[in-house]
K.L.:
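This is the structure I have questions about; it appears just below.
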Amino acid sequence: MRMYGDAIRFGVHSGQQYRSFPEMVDLWQRVEEMGYDWISCFDHFRPPLGGPDGPCFEGTSLLSALAARTSRIRCALLVSAVTWRHPAVAASAAATIDHVSGGRLEFGVGAAGDDLGYEQYGIPFPRAGQRLDMLDEACHVLRGLWQEEKKTFEGRYFRLSDAYLEPKPVQPCIPLVIGGEGKKRMLRVVAEHADIWNTLVAEPEVYRDRLDALAGHAADIGRDPREIRQSMTFRAILGEDRREVERRRKAVAEVLPPDSPLWSEYLVFGTPQECVERLRPYLELGVRDFLLGSRPPLDWRTMELFATEVVPALRDAA
């Protein structure tokens with residue numbers, strides 16, 4: 001059965017490229033007050049966007065601190081790079097955060113992407129195929145340590161020998177989110193291990209093609225693809241009219257260079273109703289978690305319009 005059934009959830013993917021912890025506390029608490037269901041940070045050390053010396057808090061310790069300062073909203077790491085830490089260390093951190101949050105954690109994992117930390121900190125960055133193999137093994141380790149009394153695992157990259165993790169997480173099963181979109185290998189890992197599949201926004205026909213690939217992998221291993229909850233991250237600039245939207249789009253253009261990859265993540269520059277119409281095809285394709293990407297300088301206007309106008313309209317559409 002799909003986690004959370006057919007319920008639609010809305011969240012903010014906040015990142016953590018800020019210079020002070022109080023800024024992040026204010027952001028997370030205000031998002032919770034707005035009624036969002038989910039909020040997440042990422043797991044970069046030195047994200048390329050922001051330059052080699054830009055600010056970025058460490059993800060797991062930040063998530064724990066912010067979870068302790070919220071009370072209702074689901075808290076997530078989107079996503080933990082398999083290259084940063086042994087999966088037993090990640091499993092232990094996740095279990096601890098689940099206790100800190102009172103059982104509100106959703107833990108994301110992925111095969112890692114561009115990060116200046118590999119060069120700056122001397123951390124190995126294996127080829128893509130190896131990282132995908134590591135991700136597959138990491139999922140076995142995470143699940144085993146969270147849910148089994150003790151776990152022995154013998155992989156090519158990771159090994160456990162009668163390994164214990166105590167105390168266990170508060171939740172009987174921490175939701176395991178896997179982020180990625182490669183049709184051949186990544187979606188095979190998603191099909192086997194994920195409770196929730198997260199991907200960046202893509203055109204509906206591209207998204208449908210990935211869904212078909214995921215369904216094929218699920219069929220190969222005997223899993224119903226409907227068990228996997230679909231999650232999509234996107235960005236937007238919303239305003240009540242075209243003049244407001246254009247003014248705020250220009251403000252973003254002063255921060256983002258024209259060739260920034262972030263531009264492709266913007267689903268809409270428009271009114272709340274236009275945002276609803278752009279998201280409706282993904283709702284029909286089965287997406288149930290809609291995560292609004294946000295980064296400094298914060299666009300409170302879009303977050304407020306999304307929460308007050310887009311969210312109710314999409315819930316009604318479902």
K.L.:
Considering only residues two or more places apart or on different chains, which pairs with a residue in residues 305-318 satisfy side chain to side chain donor-acceptor pair (under 3.5 Å)?
P.N.:
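Only Asp37-Arg315 qualify under side chain to side chain donor-acceptor pair (under 3.5 Å).
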K.L.:
Going by ring pair (Phe, Tyr, Trp, His ring centres under 6.0 Å), name the residues that satisfy it together with His140, two or more places apart in sequence or in a different chain.
P.N.:
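By the ring pair (Phe, Tyr, Trp, His ring centres under 6.0 Å) rule, His140 matches Phe153, His193.
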K.L.:
Can you give the donor-acceptor pairs under 3.5 Å from side chains of residues 185-192 to other protein atoms, not counting sequence neighbours?
P.N.:
residue: Arg185; atom: NH2; partner: Asp133; partner atom: OD1; Å: 2.5
residue: Arg188; atom: NH1; partner: Glu192; partner atom: OE1; Å: 3.0

K.L.:
Is the ring pair Tyr207/Trp197 parallel, tilted or perpendicular, if the boundaries are 30 and 60 degrees?
P.N.:
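Answer is parallel, since the angle falls under 30°.
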K.L.:
Do Glu106 side-chain atoms and Leu176 backbone N/O form a donor-acceptor pair below 3.5 Å?
P.N.:
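Not at all, since once roles are kept as given, no pair shorter than 3.5 Å links the two residues.
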K.L.:
Using distance alone, with no hydrogens and no angle criterion, decide if Gln29 and Glu33 have a side-chain donor and acceptor under 3.5 Å apart.
P.N.:
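Distance-only check fails for Gln29 and Glu33.
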K.L.:
Would you check if there is a donor-acceptor pair between the side chains of Thr302 and Arg248 at a distance under 3.5 Å?
P.N.:
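Arg248 vs Thr302: donor-acceptor pair found between side chains.
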K.L.:
For Asp43 and Thr60, test the side chains for any donor-to-acceptor distance below 3.5 angstrom and give the result as yes or no.
P.N.:
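Side-chain D/A pair, Asp43 to Thr60: absent.
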K.L.:
Would you please name every residue forming a salt bridge (charged side-chain N to carboxylate O under 4.0 Å, His left out) with Glu181, sequence neighbours left out?
P.N.:
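Here the qualifying residues are Arg210.
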K.L.:
Report the residues that fulfil ring pair (Phe, Tyr, Trp, His ring centres under 6.0 Å) with Phe158, sequence neighbours left out, ordered by chain and then residue number.
P.N.:
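Listed in chain order: His86.
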K.L.:
When you measure from the centre of the six-membered ring of Phe290, is the NZ or CZ of Arg9 under 6.0 Å away and within 45° of the axis?
P.N.:
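Not flagged: Arg9 not positioned over aromatic ring of Phe290.
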K.L.:
Without hydrogens or angle criteria, can the side chains of Arg104 and Ser71 be said to hold a donor-acceptor pair below 3.5 Å?
P.N.:
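Side-chain D/A pair, Arg104 to Ser71: absent.
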K.L.:
Tell me which donor-acceptor pairs under 3.5 Å the side chains of residues 107-115 have, and how far apart each pair is, sequence neighbours excluded?
P.N.:
residue: Asp115; atom: OD1; partner: Arg46; partner atom: N; Å: 2.9
residue: Asp115; atom: OD1; partner: Gly117; partner atom: N; Å: 2.6
residue: Asp115; atom: OD2; partner: His44; partner atom: ND1; Å: 2.8
residue: Asp115; atom: OD2; partner: Phe45; partner atom: N; Å: 3.0
residue: Asp115; atom: OD2; partner: Arg46; partner atom: N; Å: 3.4

